[in-house]
Amino acid sequence: MKSEPESRLEKGVDVKFSIEDLKAQPKQTACWDGVRNYQFTNGLCSGQCLHTSLGVLAKARNFLRAMQLGQEAFFYHSNCKEPGIAGLVKIVKEAYPDHTQFEKNNPHYDPSSKEDNPKWSMVDVQFVRMMKRYITLAELKTHYQAHKTTGGPLKNMALFTRQRLSVQPLTREEFDFILSLEEKEPS
DNA sequence: GCCAACGTTGGC
DNA sequence: GCCAACGTTGGC
(Lines give C-alpha, C1' and ligand atoms only; values in the text may rest on other atoms or scores of the structure.)
Protein backbone atom coordinates (compact mmCIF):
# COMPACT_ATOMS: atom_id res chain seq x y z
CA MET A 1 0.00 0.00 0.00
CA LYS A 2 1.58 3.25 -1.16
CA SER A 3 1.42 6.51 0.71
CA GLU A 4 3.25 9.79 0.40
CA PRO A 5 5.46 10.72 3.37
CA GLU A 6 6.21 14.23 2.15
CA SER A 7 3.82 17.17 2.08
CA ARG A 8 2.02 17.80 -1.19
CA LEU A 9 -1.16 19.75 -1.75
CA GLU A 10 -4.00 18.20 -3.68
CA LYS A 11 -6.93 20.57 -4.11
CA GLY A 12 -5.59 22.55 -1.20
CA VAL A 13 -5.35 19.54 1.11
CA ASP A 14 -2.05 18.07 2.24
CA VAL A 15 -1.93 14.41 1.24
CA LYS A 16 1.13 13.62 3.37
CA PHE A 17 0.70 10.44 5.39
CA SER A 18 3.83 8.61 6.45
CA ILE A 19 4.16 5.50 8.55
CA GLU A 20 5.04 7.79 11.45
CA ASP A 21 1.69 9.51 10.93
CA LEU A 22 -0.01 6.13 11.10
CA LYS A 23 1.80 5.30 14.34
CA ALA A 24 0.55 8.57 15.80
CA GLN A 25 -3.11 7.75 15.18
CA PRO A 26 -5.37 6.49 17.97
CA LYS A 27 -4.83 2.71 18.18
CA GLN A 28 -2.22 3.28 15.45
CA THR A 29 -5.10 2.70 13.06
CA ALA A 30 -6.37 4.69 10.06
CA CYS A 31 -8.79 4.22 7.22
CA TRP A 32 -7.30 3.84 3.78
CA ASP A 33 -9.52 6.05 1.66
CA GLY A 34 -9.33 7.91 -1.60
CA VAL A 35 -9.29 5.04 -4.02
CA ARG A 36 -11.03 6.74 -6.92
CA ASN A 37 -10.49 5.11 -10.22
CA TYR A 38 -10.21 1.73 -11.64
CA GLN A 39 -6.63 1.38 -10.67
CA PHE A 40 -5.38 2.64 -7.36
CA THR A 41 -3.54 5.85 -7.35
CA ASN A 42 -2.51 7.10 -4.01
CA GLY A 43 -2.28 9.77 -1.43
CA LEU A 44 -3.23 9.62 2.19
CA CYS A 45 -5.34 12.16 3.92
CA SER A 46 -4.31 13.70 7.17
CA GLY A 47 -6.30 13.36 10.34
CA GLN A 48 -8.05 10.08 10.93
CA CYS A 49 -7.72 8.67 7.47
CA LEU A 50 -5.13 7.41 5.13
CA HIS A 51 -6.32 7.71 1.64
CA THR A 52 -5.15 6.11 -1.44
CA SER A 53 -6.21 7.40 -4.75
CA LEU A 54 -7.16 4.41 -6.81
CA GLY A 55 -5.91 3.76 -10.19
CA VAL A 56 -8.12 1.33 -12.06
CA LEU A 57 -11.55 1.37 -10.44
CA ALA A 58 -12.47 -2.20 -10.90
CA LYS A 59 -9.04 -3.61 -10.30
CA ALA A 60 -7.92 -1.39 -7.49
CA ARG A 61 -11.28 -1.53 -5.84
CA ASN A 62 -11.29 -5.25 -6.18
CA PHE A 63 -7.87 -5.52 -4.61
CA LEU A 64 -9.12 -3.48 -1.72
CA ARG A 65 -12.28 -5.53 -1.40
CA ALA A 66 -10.25 -8.73 -1.47
CA MET A 67 -8.29 -7.75 1.60
CA GLN A 68 -9.14 -9.87 4.61
CA LEU A 69 -9.05 -9.26 8.32
CA GLY A 70 -5.60 -9.92 9.75
CA GLN A 71 -3.81 -9.88 6.41
CA GLU A 72 -0.54 -8.01 6.38
CA ALA A 73 0.66 -5.43 3.88
CA PHE A 74 3.79 -3.43 3.34
CA PHE A 75 3.55 0.31 3.93
CA TYR A 76 5.38 1.87 0.99
CA HIS A 77 6.59 5.45 0.86
CA SER A 78 6.09 6.88 -2.62
CA ASN A 79 6.72 10.16 -4.41
CA CYS A 80 9.56 11.08 -2.08
CA LYS A 81 13.35 11.38 -1.92
CA GLU A 82 13.95 7.73 -1.17
CA PRO A 83 10.96 5.55 -2.09
CA GLY A 84 10.73 2.19 -0.36
CA ILE A 85 9.07 -0.11 2.16
CA ALA A 86 8.96 1.45 5.61
CA GLY A 87 7.00 -1.05 7.64
CA LEU A 88 4.23 -3.57 8.08
CA VAL A 89 0.53 -2.92 8.60
CA LYS A 90 -2.44 -5.24 8.93
CA ILE A 91 -6.05 -5.08 7.86
CA VAL A 92 -8.25 -4.52 10.91
CA LYS A 93 -11.50 -3.77 9.06
CA GLU A 94 -12.48 -5.19 5.71
CA ALA A 95 -13.86 -3.08 2.86
CA TYR A 96 -16.73 -0.70 3.63
CA PRO A 97 -17.98 2.45 1.91
CA ASP A 98 -15.43 5.26 1.71
CA HIS A 99 -17.25 8.21 3.29
CA THR A 100 -15.00 10.75 1.61
CA GLN A 101 -16.71 10.12 -1.73
CA PHE A 102 -19.78 11.96 -0.39
CA GLU A 103 -17.94 14.93 1.13
CA LYS A 104 -18.00 17.91 -1.20
CA ASN A 105 -14.91 19.52 0.23
CA ASN A 106 -12.83 16.37 0.14
CA PRO A 107 -10.26 16.02 -2.67
CA HIS A 108 -11.77 12.60 -3.35
CA TYR A 109 -15.36 13.76 -3.58
CA ASP A 110 -17.17 11.88 -6.34
CA PRO A 111 -20.47 13.50 -7.31
CA SER A 112 -21.38 10.49 -9.42
CA SER A 113 -21.46 8.16 -6.43
CA LYS A 114 -24.79 7.66 -4.65
CA GLU A 115 -25.25 6.98 -0.96
CA ASP A 116 -27.47 3.99 -1.69
CA ASN A 117 -24.90 2.54 -4.09
CA PRO A 118 -21.41 3.70 -3.13
CA LYS A 119 -18.73 3.32 -5.77
CA TRP A 120 -15.70 3.39 -3.54
CA SER A 121 -14.50 1.33 -0.64
CA MET A 122 -11.86 1.67 2.00
CA VAL A 123 -10.30 -0.58 4.61
CA ASP A 124 -8.81 0.16 8.03
CA VAL A 125 -5.17 -0.61 8.60
CA GLN A 126 -3.18 -0.79 11.82
CA PHE A 127 0.53 -0.29 12.32
CA VAL A 128 2.33 -3.56 13.02
CA ARG A 129 6.01 -2.66 13.05
CA MET A 130 8.73 -0.81 11.22
CA MET A 131 10.91 -2.83 8.89
CA LYS A 132 14.16 -3.76 10.62
CA ARG A 133 15.76 -1.64 7.92
CA TYR A 134 14.23 0.51 5.18
CA ILE A 135 13.95 -1.53 1.98
CA THR A 136 14.47 0.92 -0.84
CA LEU A 137 12.86 0.85 -4.25
CA ALA A 138 16.37 0.77 -5.74
CA GLU A 139 17.16 -2.44 -3.86
CA LEU A 140 13.88 -4.04 -4.85
CA LYS A 141 14.50 -3.07 -8.45
CA THR A 142 17.94 -4.70 -8.41
CA HIS A 143 16.35 -7.96 -7.27
CA TYR A 144 13.48 -7.62 -9.73
CA GLN A 145 15.87 -7.23 -12.63
CA ALA A 146 17.99 -10.18 -11.53
CA HIS A 147 14.91 -12.32 -10.97
CA LYS A 148 13.57 -11.62 -14.44
CA THR A 149 16.62 -13.51 -15.68
CA THR A 150 16.91 -16.14 -12.99
CA GLY A 151 13.20 -16.74 -12.43
CA GLY A 152 13.47 -15.59 -8.82
CA PRO A 153 10.54 -14.62 -6.57
CA LEU A 154 10.28 -10.96 -7.60
CA LYS A 155 10.20 -11.60 -11.34
CA ASN A 156 6.57 -10.44 -11.71
CA MET A 157 6.36 -7.99 -8.82
CA ALA A 158 3.48 -5.58 -9.36
CA LEU A 159 5.54 -2.64 -8.14
CA PHE A 160 7.36 -2.86 -11.46
CA THR A 161 4.90 -4.54 -13.77
CA ARG A 162 1.85 -2.52 -12.66
CA GLN A 163 3.66 0.55 -11.53
CA ARG A 164 0.73 2.87 -11.07
CA LEU A 165 -1.35 0.72 -8.79
CA SER A 166 -1.28 2.32 -5.36
CA VAL A 167 -2.64 -0.77 -3.68
CA GLN A 168 -1.25 -3.88 -5.21
CA PRO A 169 -1.19 -7.60 -4.55
CA LEU A 170 1.84 -9.60 -3.49
CA THR A 171 2.27 -13.33 -3.73
CA ARG A 172 3.34 -15.24 -0.64
CA GLU A 173 6.72 -15.81 -2.31
CA GLU A 174 7.19 -12.10 -2.98
CA PHE A 175 6.15 -11.17 0.55
CA ASP A 176 8.44 -13.71 2.20
CA PHE A 177 11.38 -12.85 0.00
CA ILE A 178 11.10 -9.15 0.87
CA LEU A 179 10.85 -10.00 4.57
CA SER A 180 14.03 -12.04 4.25
CA LEU A 181 15.85 -8.97 2.94
CA GLU A 182 15.52 -7.37 6.37
CA GLU A 183 18.13 -9.74 7.75
CA LYS A 184 20.66 -9.00 5.04
CA GLU A 185 22.96 -6.12 4.29
CA PRO A 186 21.60 -3.81 1.61
CA SER A 187 22.75 -5.04 -1.76
C1' DG B 1 -15.24 0.80 -30.38
C1' DC B 2 -11.05 3.31 -32.00
C1' DC B 3 -7.77 6.43 -30.72
C1' DA B 4 -5.95 11.23 -29.99
C1' DA B 5 -5.79 14.36 -26.40
C1' DC B 6 -5.42 14.90 -21.80
C1' DG B 7 -4.51 14.10 -16.82
C1' DT B 8 -2.12 11.72 -13.09
C1' DT B 9 1.43 8.98 -10.85
C1' DG B 10 5.64 8.74 -9.17
C1' DG B 11 10.65 7.84 -10.19
C1' DC B 12 14.52 10.38 -11.01
C1' DG C 1 10.79 20.15 -11.96
C1' DC C 2 10.85 16.95 -15.86
C1' DC C 3 8.78 13.51 -18.16
C1' DA C 4 7.71 8.40 -19.15
C1' DA C 5 4.16 5.32 -18.28
C1' DC C 6 -0.31 4.59 -18.46
C1' DG C 7 -5.14 5.31 -17.30
C1' DT C 8 -9.32 8.16 -18.73
C1' DT C 9 -12.20 10.95 -21.66
C1' DG C 10 -14.80 12.00 -25.44
C1' DG C 11 -15.28 12.91 -30.52
C1' DC C 12 -16.32 10.45 -34.30
Side-chain angles (χ1 to χ4, degrees), chain A residues 1-22 30-46 49-67 73-89 95 98 100-114 117-123 125 131 133-148 154-170 174 177-178 181 186-187:
Chain A
M1 304 180 85
K2 298 181 183 174
S3 187
E4 302 188 33
E6 295 175 4
S7 288
R8 186 176 65 81
L9 295 185
E10 192 173 307
K11 297 179 184 170
V13 177
D14 192 353
V15 298
K16 170 187 184 291
F17 198 96
S18 70
I19 196 162
E20 299 297 337
D21 294 320
L22 176 62
C31 56
W32 200 274
D33 72 312
V35 172
R36 283 297 178 279
N37 52 25
Y38 292 84
Q39 207 166 336
F40 284 152
T41 61
N42 88 37
L44 295 178
C45 60
S46 53
C49 293
L50 301 168
H51 56 226
T52 62
S53 40
L54 288 175
V56 175
L57 170 62
K59 286 174 181 166
R61 189 173 69 177
N62 289 347
F63 286 140
L64 222 122
R65 290 182 176 174
M67 289 174 153
F74 291 125
F75 192 109
Y76 178 89
H77 282 169
S78 70
N79 204 15
C80 58
K81 269 259 172 53
E82 177 99 274
I85 296 172
L88 276 174
V89 298
D98 179 346
T100 63
Q101 68 197 302
F102 305 120
E103 298 167 4
K104 287 198 174 60
N105 294 326
N106 193 287
H108 300 110
Y109 175 61
D110 182 354
S112 73
S113 184
K114 302 299 169 209
N117 187 21
K119 280 190 181 179
W120 308 108
S121 298
M122 61 185 181
V123 297
V125 300
M131 298 302 278
R133 64 178 183 84
Y134 190 71
I135 310 290
T136 67
L137 172 63
E139 181 175 357
L140 292 168
K141 186 179 282 183
T142 298
H143 290 294
Y144 164 68
Q145 281 166 346
H147 290 185
K148 275 197 295 183
L154 299 194
K155 64 179 188 297
N156 297 127
M157 191 177 178
L159 189 60
F160 304 104
T161 61
R162 303 293 310 282
Q163 66 173 216
R164 295 183 56 188
L165 280 176
S166 72
V167 175
Q168 46 184 250
L170 286 163
E174 289 164 346
F177 177 81
I178 293 165
L181 294 177
S187 50

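Lettering of chains follows the sequences in order, A, B, ..., and the numbering in each one begins at 1.
In this structure, CD of A:Q168 is placed 15 Å from C1' of C:dG7, rounded to the nearest angstrom. Rounded to an integer number of Å, the gap from CD of A:E6 to P of B:dC12 is 14 Å. In this structure, A:L159 places its CG atom 15 Å from C1' of B:dC12, rounding to the nearest Å. In this structure, the NE2 atom of A:H77 is 18 Å from the P atom of B:dT9, given to the nearest Å. Rounding to whole angstrom units, OH of residue A:Y144 and C1' of B:dG11 are separated by 15 Å. For the pair A:R162 CZ and C:dG7 C1', the interatomic distance rounds to 10 Å; values are reported in whole Å. In this structure, A:L137 places its CG atom 15 Å from C1' of C:dA5, rounding to the nearest Å. The distance between atom NZ of A:K81 and atom C1' of B:dG11, rounded to the nearest whole Å, is 14 Å.
With B:dG10, B:dG11, B:dT9 as the choices, the nucleotide that has an atom nearest any side-chain atom of A:K2 turns out to be B:dG10. Comparing B:dT9, B:dG11, B:dC12 by their nearest atom to the side chain of A:S78 picks out B:dG11.
The two residues A:R133 and A:L181 make their nearest non-hydrogen contact at NH2-O, 2.9 Å.
The closest donor-acceptor contact from the side chain of A:H77 to the backbone of A:I19 lies under 3.5 Å. In this structure, the side chain of A:Y76 does not engage the main chain of A:L159 through any donor-acceptor pair within 3.5 Å.
At least one side-chain nitrogen or oxygen of A:K141 sits closer than 4.0 Å to the OP1 or OP2 atom of B:dC12. Taking side-chain N and O atoms only, A:Y76 has no distance below 4.0 Å to OP1 or OP2 of B:dT9.
For A:E103, the side chain to side chain donor-acceptor pair (under 3.5 Å) partners are A:H99, not counting sequence neighbours.
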